[in-house]
Amino acid sequence: MLQIFNTLSGRKEELRTLEPGVVRMYVCGDTVYDYCHIGHARSKIAFDVVRRYLAYRGYKVTFVRNITDIDDKIIKRAAENGEPVQALTARFTAAMHEDYDRLGILRPDFEPKATEHIPTIVSMTQSLIDKNYAYVASDGDVMYSVSAFKPYGQLSGRQLSDLRAGARVAVDEAKRDPLDFVLWKQAKPGEPSWPSPWGAGRPGWHIECSAMTLDLLGTRFDIHGGGLDLKFPHHENEIAQSCAATGEQFATYWMHNGFVNVDNEKMAKSVGNFFLIRDVLGSGHVRDPEVLRFFLLSSHYRGPINYSLTQIEQADTTLARLYSALRDVVPAQRWEASEATGKFVAAMDDDFNTPDALAALQWLAGEINKAKGVDAARAAAFAAELKHLGSVLGVLQASPAAFLQKSAKGQGTESASGLSESAVEELIAARAAARKSRNFKESDRIRDQLAQAGIVLEDKPDGATLWRRG
RNA sequence: GGCGCCGUGGCGGAGUGGUUACGCAGCGGUCUGCAAAACCGCGUACGCCGGUUCAAUUCCGGCCGGCGCCUCCA
């Protein structure tokens, strides 16, 4: 039984989809005005795994993840850069795709942009005005009236009165209630705008998700996900807008991933302690993007995860161990699921417990290593199972030798010390010759030389020598 | 101030009312010309104080410590 922790109820619930065998899900994407950092990556990977696992469990999944391509930050940044808004968003959308592709995050089935759904945004806003959930404020902006929506606060577990008491929002004369939020914003001169019954303007942030889910998934769908920081007010506001506009329940399950921390503090643009995906991948500490993905899967998606170089290095070591097990083994074409698959499924069924699922992969690696050279068929079967389960998490699909021979420093075949693959092979051949003539002093000298360059050798019983970068 | 989360062995990180998480590192061993990798063995950890219980790291209460949301934020 697949259980999902539903923020709405605060507990794990069995997944019961609106339509049997079908999951429709929506995940909040990024605002494309800058490069993505590790926190963005975590959220995308968490839901990428949710999506992959649901598909593995036999569901037909429709996965939507939006792009916010119009908002205050974008306008501000474009102005600072002196470039058109569209040029800015196009540039960072491309960068985002590049980063996410490298991390093995599957492209969504639909990747809507806010600016492509303006008609629905306008009609929903009109509908909310018609139903008295929204009003045109004195400054011309259209505001949502939170007090009109009785269940407001259900997702975040707050009362309107509590929120008002601690409100840090600036007092805005145009608002009837300090917690009211904007649905449609009047354009200032020179800002991008779209025509509307309330004048030229642009959508507020929250309404775009309500509109895009409506256009692509309908009034009701199964899962809505995003970072914990979106729970309030963003998701709360989405619920208020959608439920009020359509009279339907909106999303059944709400999922929120925890933060990536640095020194125990949330990684965030505003704090300035963020690490860009591309910077980390090119830092000389990550041999392959898969290491970063593996690291982010090594703790449960709902809890915090602390980012540090030490942690990344540990992830590299652990992933290398899994790849080492797969080396020298040809995965079987036909195989039967072992107890590892049972453990894997039990772990993933329990609210996508990836660290527990990873333990099942570790067990398989151990079994492969034990079977190697003793029972080739057994090793081959376990290898096939390991790769198969790895694919559900989006890991272990590379060639083991290629992965192990990659250098963190060069992100490719050459290490910082400059030893190319062919140079390594040559030295290994020279060492083999020395060993054959029992000139161990010379063979050890060559091995030390390679070790200096970060190359670790492994002599096999049959005389072959495998190498990897340490 | 309001709401909420967390505190596990050297590190990371699951989990459970009584029985092994798992990985890394460390120690010992097997293998090896020597290594490396692998395999075998080794660590009785659950913030503090009470309570419930035959039994609590696991349930309840309090405390201390850390964090998050309440404003843009994955």
Side-chain angles (χ1 to χ4, degrees), chain A residues 7 10 27-31 36-47 68 71-73 76 153 156-159 161-170 178-179 181 205 225-234 236 256-261 264-271 274 295 298-300 302-306 308 310-311 313-322 324-325 327-328 343 347 350 353-363 365-366 368-370 372-374 404 435 438-441 443-444 447-448 451 455-461 465-468 470:
Chain A
T7 306
V27 174
C28 285
D30 302 333
T31 300
C36 304
H37 59 64
I38 307 301
H40 296 113
R42 185 188 194 192
S43 183
K44 303 311 172 294
I45 288 172
F47 291 107
T68 297
D71 93 319
D72 291 349
K73 292 191 295 296
K76 182 164 177 270
S156 50
R158 296 155 205 243
Q159 303 289 320
S161 52
D162 298 335
L163 287 165
R164 291 193 188 102
R168 285 185 280 165
V169 282
L179 295 169
F181 56 92
W205 174 39
L228 190 57
D229 42 5
L230 300 184
K231 185 165 78 171
F232 188 91
H234 184 56
E236 197 73 70
H256 293 96
N257 65 275
F259 301 128
V260 174
N261 291 162
N264 224 21
E265 204 182 354
K266 178 188 173 186
M267 181 185 291
K269 287 274 174 61
S270 51
V271 184
F274 59 91
F295 161 67
S298 65
S299 72
H300 187 91
R302 275 195 288 121
I305 185 169
N306 213 46
S308 75
T310 314
Q311 296 274 67
E313 282 164 4
Q314 274 209 16
D316 180 89
T317 305
T318 306
L319 186 56
R321 172 182 140 80
L322 293 175
S324 296
R327 188 168 52 172
D328 269 353
K343 285 182 178 170
D350 183 16
N353 192 332
T354 53
D356 203 11
L358 251 20
L361 303 197
Q362 301 287 0
W363 181 83
I368 292 168
N369 287 331
K370 275 180 266 187
K372 269 183 185 173
V374 178
L404 293 166
R435 291 181 73 208
R438 304 196 65 78
N439 184 355
F440 296 121
K441 196 174 174 187
S443 68
D444 287 351
R447 188 176 58 203
D448 288 346
I455 309 292
V456 182
L457 302 185
E458 294 173 29
D459 295 329
K460 307 302 286 186
T465 295
L466 301 178
W467 65 276
R468 64 190 162 83

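Quick note on labels: first sequence line is chain A, next is B, and so on, each numbered from 1.
- Comparing the same atom, C1', in B/G10 and in B/G17 gives a spacing of 29 Å after rounding to whole Å.
- For the C1' atoms, the distance from B/G15 to B/U58 is 9 Å, rounded to whole Å.
- Separation of the C1' atoms belonging to B/G12 and B/A45 is 14 Å when rounded to the nearest angstrom.
- At whole-Å resolution of the value, CD in A/Gln159 and P in B/C3 are 10 Å apart.
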Sort me out a list of protein N/O and nucleotides 57-60 of chain B N/O pairs below 3.5 Å, or just none if empty.
none

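- Considering only residues two or more places apart in sequence or on other chains, A/Gln314 meets the side-chain hydrogen bond (donor to acceptor under 3.5 Å, both in side chains) condition with none of them.
- Straight-line distance between the P atoms of B/G26 and B/A36: roughly 11 Å, to the nearest whole Å.
- Contact annotation: A/Asn369 side-chain N/O to B/C39 OP1/OP2 distance is under 4.0 Å.
- In this view, A/Asp316 and A/Arg287 satisfy the side-chain hydrogen bond (donor to acceptor under 3.5 Å, both in side chains) rule, not counting sequence neighbours.
- For B/A36, neither phosphate oxygen OP1 nor OP2 lies less than 4.0 angstrom from any side-chain nitrogen or oxygen of A/Arg327.
- Residues meeting the side-chain hydrogen bond (donor to acceptor under 3.5 Å, both in side chains) test with A/Asp71, sequence neighbours left out: A/Lys73.
- Rounded to an integer number of Å, the gap from A/Lys266 NZ to B/C67 C1' is 11 Å.
- Residues satisfying the side-chain hydrogen bond (donor to acceptor under 3.5 Å, both in side chains) test with A/Asp350, not counting sequence neighbours, are A/Lys12.
- Proximity of A/Asn353 to the phosphate of B/G15: a side-chain N or O atom is located under 4.0 Å from OP1 or OP2.
- In RNA chain B, the stems built from three or more successive Watson-Crick or G-U pairs (distances below 3.5 Å) are B:1-7 with B:64-70, B:10-12 with B:22-24, B:26-30 with B:38-42, B:47-51 with B:59-63.
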Item checked: Under 4.0 Å protein heavy-atom contacts per nucleotide of nucleotides 25-35 of chain B, with B for base, S for backbone only and - for none -> --------BBB

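- With P as the reference atom, B/A38 and B/C5 are 41 Å apart, rounded to whole Å.
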Write out a two-atom table: protein N or O, nucleotide N or O from nucleotides 4-11 of chain B, distance below 3.5 Å.
unit_1, atom_1, unit_2, atom_2, d
B/C11, O2, A/Gln314, NE2, 3.1

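- With sequence neighbours left out, A/Asp444 forms a salt bridge (Lys or Arg N to Asp or Glu O under 4.0 Å) with A/Arg447.
- Scanning for ring pair (Phe, Tyr, Trp, His ring centres under 6.0 Å) contacts around A/Phe47 gives an empty result, with sequence neighbours left out.
- In this structure A/His256 satisfies the ring pair (Phe, Tyr, Trp, His ring centres under 6.0 Å) test together with A/His235, sequence neighbours excluded.
- Listed by chain and residue number, nothing satisfies the salt bridge (Lys or Arg N to Asp or Glu O under 4.0 Å) test with A/Lys269 (two or more places apart in sequence, or in another chain).
- Distance noted for atom C1' between B/C42 and B/A25: 14 Å (whole Å).
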